[in-house]
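Here's the structure we're looking at; comments come further down.
One-based numbering along the sequence shown. Just follow the structure's listing: the first ligand is 1, and inside any ligand the first atom is 1.
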Amino acid sequence: MLVLGIESSCDETGVALVDTAGKDVPRLLSHALYSQIDMHQAYGGVVPELASRDHIRRVLPLTQEVMKQAQRSLAQVDVIAYTRGPGLAGALLVGAGVACSLAAALAKPVMGVHHLEGHLLSPFLSADPPEFPFVALLVSGGHTQLMRVDRVGSYQLLGETIDDAAGEAFDKSAKLMGLPYPGGPHLSKLAQQGDGAAFKLPRPLLHSGNLDFSFAGLKTAVLTQAKKLGPELESRKADLAASTQAAIVEVLVKKSLSAMTQTGLQRLVVAGGVGANALLRSQLNAACQNRGIRVHYPELDFCTDNGAMIALAAGMRLQAGLETLQHGYTFDVKPRWDLAALQPELADAR
Ligand code: KG4
Ligand code: ZN
């Protein structure tokens, strides 16, 4: 089966085509991505209306590019999948509208996909795919969650942030330091030249005894520290960046290890944009190696938003028999949508 996937939940337009022949992990045939980062940088963050308008401009040319790369025609596509949520409502509506219109024109079934399920399954596209069951650390711009994943469609929430997400903590701290949007990659690059122990920053909820996170206080501590430094901030910025990164990473690593202990599982999957962070990867690798735990990551290209993970998640749900293919072309989007609500027994409530 050929599954076309369209992602448009935030500031990246992604399109991809996978082939779900047999029971093997769907094979990625082609993918194309357009990032709006340059456009939003002038505003210091994503401007939702501009994001929606840009998705409209990009989605069809990217679809044509994907079909051309894969040397297939749209008529050969069996299912069209799109990100139904969570994300920016206007941006989601573009992907949903285009997917449903294309599907209606081609008389093909259409399928809405949960963006976080895409992130969570994205390591299956890597050369070293995980096996079920595993613990997933989902760390993106909008979410920070630990989940127990027993199979496709079975996602049990173990803990999550009670305020800001880890990506948000990177982005907001970076903004306070005058770094460009999106702050995560810029802050971590600057941190390479700094000392992570230079400033004592809080590790919120580190000893809370549960698997929840909190990052809002960290951002305030970074602001207080920046104010205290005053004109000295410029020369100490790398140290402040390194200390901020060290605090976020330490919390993510320790909570992930607690989740491994609590579940008794031996595999950890890290997904979402913050999963690209080099310090997080090296510290998790070292800590897990000591405990005989295998850690899996998506390829760097598939850590941040992309169409491949949406086509993949659709393909894997179809293979698992979790979807009845719909030929109805009315659609809605879900800007807020709990991943745990995808549990098969809860699916009827969707
Ligand atoms: O998964 P994603 O592309 O979008 C959402 O679904 O939110 O994640 C974007 C987030 C941003 O907050 C960005 O700053 C962060 O991932 N990010 C990073 C790195 N690369 C992206 N954070 C830290 N270090 C990085 N290397
Ligand atoms: Zn995402």
As a test of reading the structure, name the N/O/S atom of D305 that is nearest the Zn ion (ligand 2). OD1
Would you say the ring centers of H114 and Y155 fall short of 6.0 Å from each other? no
Side chains of S35 and E12, donor plus acceptor under 3.5 Å: yes
Using a 4.0 Å heavy-atom cut-off, say whether N277 meets ligand 1 through its side chain, its backbone, both or neither. both
With atoms numbered from 1 as shown, which atoms in ligand 1 lie under 4.0 angstrom from a non-hydrogen atom of H115? 6 (O)
protein heavy-atom neighbour closest to atom 7 (O) of ligand 1 works out as G141 N, 2.7 Å
Taking 4.0 Å as the limit for heavy-atom contacts, which would you say applies to H143 with ligand 1: side chain only, backbone only, both, or neither? neither
For atom 2 (P) of ligand 1, closest protein heavy-atom neighbour: D305 OD1, 3.4 Å
Cationic N near anionic O, under 4.0 Å, K334 to D332: no
Just jot down the ligand 1 atoms closer than 4.0 angstrom to any heavy atom of T304, in number order. 3 (O)
Hey, which atoms in ligand 1 end up nearer than 4.0 Å to a heavy atom of G142? 7 (O)
Might you confirm whether atom CD of Q289 has over 12 heavy atoms from other residues, nucleotides or ligands at distances under 6.0 Å? no
Does K189 have a non-hydrogen atom less than 4.0 Å from ligand 1? no
If two hydrophobic side chains count as joined below 4.5 Å and joins carry through other members, does L322 share a cluster with L339? yes
Taking the six-membered ring for Trp, are F170 and F215 closer than 6.0 Å centroid to centroid? no
Could you tell me whether F170 and ligand 1 have an N or O pair separated by under 3.5 Å? no
Would you mind checking which non-hydrogen protein atom is closest to atom 12 (O) of ligand 1, with the distance to 0.1 Å? D171 OD2, 2.7 Å
With a cut-off of 2.8 Å, does H143 put an N/O/S atom close enough to the Zn ion (ligand 2)? no
Could you check whether atom CZ of R57 has more than 12 heavy atoms from other residues, nucleotides or ligands sitting under 6.0 Å from it? yes
Below 4.0 Å from ligand 1: does a non-hydrogen atom of C10 turn up there or not? no
Report whether any nitrogen, oxygen or sulfur of H119 sits less than 2.8 Å from the Zn ion (ligand 2) (N, O or S, backbone or side chain). yes
Under 6.0 Å from the CZ atom of R281, do we count more than 12 heavy atoms belonging to anything else shown? yes
Close-contact set for ligand 1 against H119 heavy atoms, below 4.0 Å: 1 (O), 6 (O)
Would you mind listing which atoms of ligand 1 come within a distance below 4.0 Å of any non-hydrogen atom of S188? 24 (N), 26 (N)
Does E168, backbone or side chain, put an N or O under 3.5 Å from an N or O of ligand 1? no
Would you say the side-chain atoms of K255 and S208 include a donor-acceptor pair closer than 3.5 Å? yes
Considering only the protein, which heavy-atom contact is closest to atom 21 (C) of ligand 1, and what is its distance? G273 O, 3.3 Å
Donor + acceptor pair across side chains of H143, E160 (<3.5 Å): no
Check each atom of ligand 1 against the heavy atoms of G167 and keep those under 4.0 Å away; list them by number with element. 12 (O)
In terms of side-chain heavy atoms, does E7 have a donor or acceptor partner in S9 at a distance below 3.5 Å? yes
re atom 22 (N) of ligand 1, the protein heavy-atom contact at minimum distance is G184 CA, 3.5 Å
Determine whether the aromatic ring centres of residues F132 and F134 are separated by less than 6.0 angstrom. yes
For G183 and ligand 1, does the shortest N/O to N/O distance drop below 3.5 Å? no
L211 and S258: CA distance, side-chain angles, deciding distance, side-chain contact (heavy atoms from CB on, under 4.5 Å) verdict: CA-CA 7 Å; L211 297 175; S258 302; 3.6 Å; yes
